Chemist: 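Structure below; questions to follow.
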Protein chains: 2
Amino acid sequence: MTVDVSYDARTGAAVEEVAVSTPFEVDTALAAAAAAAPGVAATPPVERARLLRALADALEGRADELVALADRETGLGEERLRMEIGRAAGQLRYHADVAVEGSYLDVTIDTGAPRLARTGVPLGPVAVFGASNFPFLFGVLGTDTAAALAAGCPVVVKANPAQPVLSARLRLLAADVLPAGWFALVSGFEAGGALVASPHTAAVAFTGSQRGGLALWRLANERDVVIPVFAEMGTVNPVVVTAAALSRADELARGFVESFTRGTGQYCTKPGLLFVPAGSGMAGRVAAALVDLAPEAWLLTEQIAASAATGLAELVAAGGTVAGQAPGPGNGWTTPTTVLSAPIEKLRSGSRLLEECFGPVAIVTEYADRAELEHALGELQGTLAAAVMAGEDDQDVPWLVERLTALAGRVTVGDWPTGVAVTGAQHHGGPWPATTRPATTSVGAGALSRFTRPVAYQNVPDAALPPPLRAGNPWRLPRRVDGVVTLP
Amino acid sequence: MTVDVSYDARTGAAVEEVAVSTPFEVDTALAAAAAAAPGVAATPPVERARLLRALADALEGRADELVALADRETGLGEERLRMEIGRAAGQLRYHADVAVEGSYLDVTIDTGAPRLARTGVPLGPVAVFGASNFPFLFGVLGTDTAAALAAGCPVVVKANPAQPVLSARLRLLAADVLPAGWFALVSGFEAGGALVASPHTAAVAFTGSQRGGLALWRLANERDVVIPVFAEMGTVNPVVVTAAALSRADELARGFVESFTRGTGQYCTKPGLLFVPAGSGMAGRVAAALVDLAPEAWLLTEQIAASAATGLAELVAAGGTVAGQAPGPGNGWTTPTTVLSAPIEKLRSGSRLLEECFGPVAIVTEYADRAELEHALGELQGTLAAAVMAGEDDQDVPWLVERLTALAGRVTVGDWPTGVAVTGAQHHGGPWPATTRPATTSVGAGALSRFTRPVAYQNVPDAALPPPLRAGNPWRLPRRVDGVVTLP
């Protein structure tokens with residue numbers, strides 16, 4: 001395949017072709033990134049930040065054009081995409097601020113004998129595999145690209161084949177702003193493998209399916225010099241409704257539908273499994289809410305639409321029963337919005353019911369008592385997020401939060417898991433297989449340190465130290481000196 | 001094999017047999033650790049610290065007996081082992097202090113909407129594979145055990161087969177101090193595999209050879225739920241002598257011999273490769289120093305002695321020439337202390353000359369100019385430490401430090417790499433294959449966070465939050481609140 005085809009998600013029509021990268025082009029991009037890496041690393045954070053802010057300005061300045069391209073390729077709708085582009089610009093500025101603030105380097109100096117001083121050093125070129133479901137926030141100029149650049153690493157992005165035209169346009173936008181070697185975009189399936197295998201590549205960041213992420217992780221593990229793969233993958237994100245929450249059962253049913261159908265169910269934080277007290281009739285309430293609320297919406301690609309249909313059939317085969325359904329649009333890539341009910345005893349480790357079904361599909365299951373609920377929670381896989389919907393002063397909240405902590409990277413009470421705020425305390429990660437590196441986050445301030453590696457300098461003279469460790473603190477970083485945090 | 005045999009390293013005589021763990025015993029130990037894990041995690045840091053300090057006291061209180069056992073099994077000598085036991089006790093107290101201080105949890109609270117609060121949570125049972133070369137600092141109660149307990153994780157240690165009697169004695173000592181389930185020791189080759197494969201195990205910490213560490217890493221990667229393996233492995237630790245340093249060539253030659261023969265060359269930080277200016281005659285000086293300084297010393301095991309002999313032969317086959325040699329003792333497990341010279345053009349990626357030879361063996365190589373040196377440094381593998389021996393205001397130091405940063409986890413100027421201080425700024429790690437997780441350290445304050453995973457709590461009521469995040473800050477931790485570090 002020498003072209004990526006750009007489709008209109010709403011009609012399924014092929015509207016444009018974009019040539020994929022040749023092996024020579026991929027090699028050239030990687031060599032340029034490797035050559036640029038020392039210079040990118042040595043660029044002071046204030047200058048990296050200036051470039052990231054310029055990228056943010058460029059995104060916003062071209063919003064009309066970018067939203068139109070993205071809407072055609074994704075079918076996600078102008079309103080959502082315009083909001084997303086604003087958040088993506090905000091994220092670029094946020095990572096700029098995090099880079100300048102500098103805590104992510106964890107600079108530590110012990111002045112005793114031996115004198116030891118440690119800082120994070122940038123890893124080098126990062127291969128970024130963006131997601132199709134957030135073309136701006138997790139795409140070509142999304143969180144991984146922003147975090148890697150902020151941390152002082154050049155980036156080579158593998159274009160998502162679902163958005164070849166948008167990706168190419170974002171590449172031009174980046175090329176206008178960034179110095180040579182800081183950024184490249186390559187495309188085509190072979191290019192992805194070449195990026196992971198290249199000795200120039202120092203780390204891989206991926207957002208997408210478990211199958212895709214684990215394939216890259218396996219490939220990286222076969223290298224002579226194994227490199228980290230930060231793969232953030234789709235999960236089930238269970239939500240538990242307590243007995244005390246049932247006083248607002250209809251509100252919860254509507255909230256559940258709104259959450260699991262957001263972005264046509266194509267969120268990695270979609271609540272895919274709702275635990276409700278037995279006899280609450282919640283599956284019926286959710287089915288009723290579907291009729292009102294299910295949006296007319298498209299899936300991102302033909303393959304995702306096909307997988308959603310297959311997934312739904314697999315869920316039924318595994319013991320689920322369709323409780324309610326709203327038809328998709330009659331054209332383009334679509335699937336019915338569906339809520340299933342499943343008996344809790346079918347939720348056993350290894351069951352298809354406990355794996356993500358990407359798209360507007362969710363499951364409701366009833367628990368008779370705490371013991372049954374606890375048992376079922378013990379069967380779940382690691383997940384990005386988990387939520388509790390509770391009543392006032394609900395005595396079930398503490399034990400549920402503790403139980404869900406073992407499963408998830410983020411636990412929410414009262415909030416649906418869908419939204420992921422870009423802040424310092426955010427953790428968008430979670431136990432295997434939610435990510436290949438459960439100790440890391442792809443969103444928020446913590447996203448930068450993934451692309452650095454600590455190095456300790458022992459009795460190294462000041463002039464030979466990297467800037468973060470020099471006596472004059474030229475980058476004005478917070479530093480822990482003999483155990484005490486000192487601000488610049 | 002149902003027993004581990006305890007040998008006298010100085011005579012090679014089998015002196016005692018210790019039965020290895022049965023599969024039932026291994027399962028029982030893991031189940032007990034898993035059952036204890038929530039309680040260990042919930043134990044306040046001050047109480048964890050009290051237990052670690054009690055372990056330190058017990059080590060020192062039993063020093064005479066422990067040193068005698070260790071000396072027989074290791075041949076490392078009473079003086080060294082007595083010093084090591086003191087440092088191991090200090091390390092336990094250090095990790096106790098780090099746990100109480102609490103920065104390692106990186107507690108971060110954002111009070112906006114949504115309210116997000118993040119802390120590290122303990123991973124659960126940690127399988128520790130200690131090293132034979134530091135029976136106290138990296139052994140049964142060494143840095144990995146201390147760090148895991150300090151971080152709130154139960155530990156199951158796989159006894160190093162080189163020290164079955166010492167390991168069993170240390171197990172008793174730990175059992176006297178620690179509550180049930182916090183600590184177990186298992187032994188036997190099969191037990192090691194069972195630890196890594198068990199669903200109860202949450203992480204693996206290993207110190208030892210590349211072969212051993214990578215075998216565990218591969219095993220962990222085959223699990224359904226892949227877990228992190230923190231393997232710290234032996235490396236070459238190159239040292240560069242600059243032209244300006246040659247005014248003290250004889251002092252450097254003696255220092256090199258003292259450093260590479262320390263612990264009979266069985267340090268993971270042994271300087272295995274010395275780059276010297278062409279025509280400096282350094283190989284001859286080192287050979288001369290050997291005659292004076294090479295200690296009468298034993299290797300840890302029969303297998304290590306055999307590997308050292310094989311390694312020496314391999315180095316010669318790869319292009320090395322023996323420049324000087326001092327015979328080992330006439331009895332027990334021993335190998336000649338040897339310095340080789342090798343032409344720098346033989347130092348090519350993949351050559352045996354660039355791999356560790358565990359034992360009192362090191363290589364000297366001459367570089368004609370900076371270009372030749374830079375080229376050779378580019379061929380090296382990732383390494384734990386690297387050093388520069390320089391003159392006053394030496395203009396070669398800055399570029400060498402920058403170049404070695406790309407290779408190493410720690411760069412020293414003027415100090416031999418052998419010593420590893422236990423401090424906040426320490427980084428005992430390094431690029432692949434120095435460790436399987438180059439972003440982590442097995443020594444110093446950074447060792448604890450390996451055994452935690454961040455979890456973010458969104459709008460969770462105070463009573464349901466873990467102690468580090470509660471409004472009252474009951475564990476008295478430093479916390480970053482809305483971007484500002486606040487002390488308790």
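A, B, ... follow the sequence lines: proteins, then strands. Residue 1 opens every chain. Both backbone and side-chain heavy atoms feed into the values below; hydrogens, waters and symmetry mates do not. Everything numeric in this text was worked out from a predicted model, so none of it was measured.
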Chemist: Tell me which of these, B:Ala421, B:Pro431, B:Gly382, has more heavy-atom pairs under 4.5 Å with chain A than the rest.
Modeler: B:Pro431
Chemist: Heavy-atom pairs under 4.5 Å with chain B: which of A:Glu402, A:Arg450, A:Arg437, A:Arg218 has the most?
Modeler: A:Arg437
Chemist: Hey, which of A:Pro398, A:Gly409, A:Ala117 has the most heavy atom pairs under 4.5 Å with chain B?
Modeler: A:Gly409
Chemist: What part of A:Ala387 is in contact with chain B, defined as an atom under 4.5 angstrom from a non-hydrogen atom: side chain, backbone, both or neither?
Modeler: neither
Chemist: Under a 4.5 Å heavy-atom cut-off, does chain A meet the side chain of B:Pro438, its backbone, both or neither?
Modeler: both
Chemist: Where on A:Trp399 is there a heavy atom nearer than 4.5 Å to chain B: the side chain, the backbone, both, or neither?
Modeler: neither
Chemist: Only one of B:Thr412, B:Val413, B:Asp415 forms a side-chain contact (heavy atoms from CB on, under 4.5 Å) with A:Val460, so which one is it?
Modeler: B:Val413
Chemist: Heavy-atom pairs under 4.5 Å with chain A are the metric here; pick the option from B:Ala445, B:Ala464, B:Ala425 that has the most.
Modeler: B:Ala425
Chemist: Between the side chains of A:Gln426 and B:Arg118, is a donor N or O closer than 3.5 angstrom to an acceptor N or O?
Modeler: no
Chemist: Looking at B:Gly424 and A:Asp110, what are the two nearest heavy atoms and their distance?
Modeler: N-OD2, 3.0 Å
Chemist: For the backbone of A:Gly429 and the side chain of B:Arg453, can you confirm whether one donor and one acceptor N or O come within less than 3.5 Å of each other?
Modeler: no
Chemist: Which region of A:Pro454, side chain (C-beta onward) or backbone (N, CA, C, O), has a non-hydrogen atom less than 4.5 Å from a non-hydrogen atom of chain B, or is it both or neither?
Modeler: both
Chemist: Run the salt-bridge test on B:Glu101 and A:Arg480 with the 4.0 Å N-O cut-off and return the result as yes or no.
Modeler: yes
Chemist: Between A:Asn221 and chain B, with a heavy-atom cut-off of 4.5 Å, which part of the residue counts as in contact: side chain, backbone, both or neither?
Modeler: both
